[in-house]
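The block underneath contains the structure these notes are about, expressed in structure tokens.
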Amino acid sequence: MSDHDVTRRQFLNYTLTGVGGFMAATMTLPMVRFAIDPLLKEDKGKEKFTQIKLKVSDLTAEPQQVKFTVQDIKDGWYKFDQKKEAFVFKSDEGEIIALSPVCTHLGCLVHWSPEPPYPNRFQCPCHGSRFTKKGVNIAGLPATAPLHVYEVKTEGENILLGEAHPRLDIPAVPPSY
Ligand code: FES
């Protein structure tokens, strides 16, 4: 027998090690893939836009309340739909503005009021905060930040809303405004 010949025992050892390694990899790789799957998704971090029923030609200077559902939100392995609301209007400058109705004090839902005693203000029923039409908080009231504003996109006549973002750099307006 030459130095290069493989004994029967060595052959069995190599074969069993190879087969064992292959089987271990076959069982382990799908588990690893499953564990990190959400991290590999291409849409991770991409802003999701949802079309609302209101069309560009339906917009008015008066805020209109719309409800919409963001579908298939992914949170790790969990997928769900989320109902949202917005007040949408066209500003004097012709910009489409979509505001979150969630009060920045403690999260109650504000409503739009064109009537006295505080006309053309968003008003919160919980602790009396008020906001201008552009969602800026009135100074001296419980809410100390403006209403969050949605990302807005248009595709022809369609309006699509993304995430609502806080605006931290806008000072409160005085009560006399
Ligand atoms: Fe709106 Fe408190 S939750 S004023």
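Both ligands and their constituent atoms are indexed starting at 1 by order of listing. Computed over heavy atoms, backbone and side chain alike; hydrogens, waters and symmetry mates excluded. Quick caveat, the model's predicted, so the values are computed rather than measured.
- The distance from the CD atom of Gln123 to the CD1 atom of Ile138 is 10.0 Å, given to the nearest 0.5 Å.
- SG distance check for Cys108 and Cys124: not under 2.5 Å.
- Protein N/O/S atoms found under 2.8 Å from atom 2 (Fe) of ligand 1, listed by chain and residue number: His105 ND1, His127 ND1.
- Each of Ile52 and Ile97 belongs to its own hydrophobic cluster when Ile, Leu, Val, Met, Phe, Trp and Tyr are linked at side-chain heavy-atom distances under 4.5 angstrom.
- Listed by chain and number, the residues in a salt bridge (charged side-chain N to carboxylate O under 4.0 Å, His left out) with Lys133 amount to none (sequence neighbours excluded).
- By the 6.0 Å and 45° rule, Lys84 does not stack over the aromatic ring of Phe68.
- When all heavy atoms are compared, the tightest approach of Val88 to Ala98 is CG2-CB, 4.1 Å.
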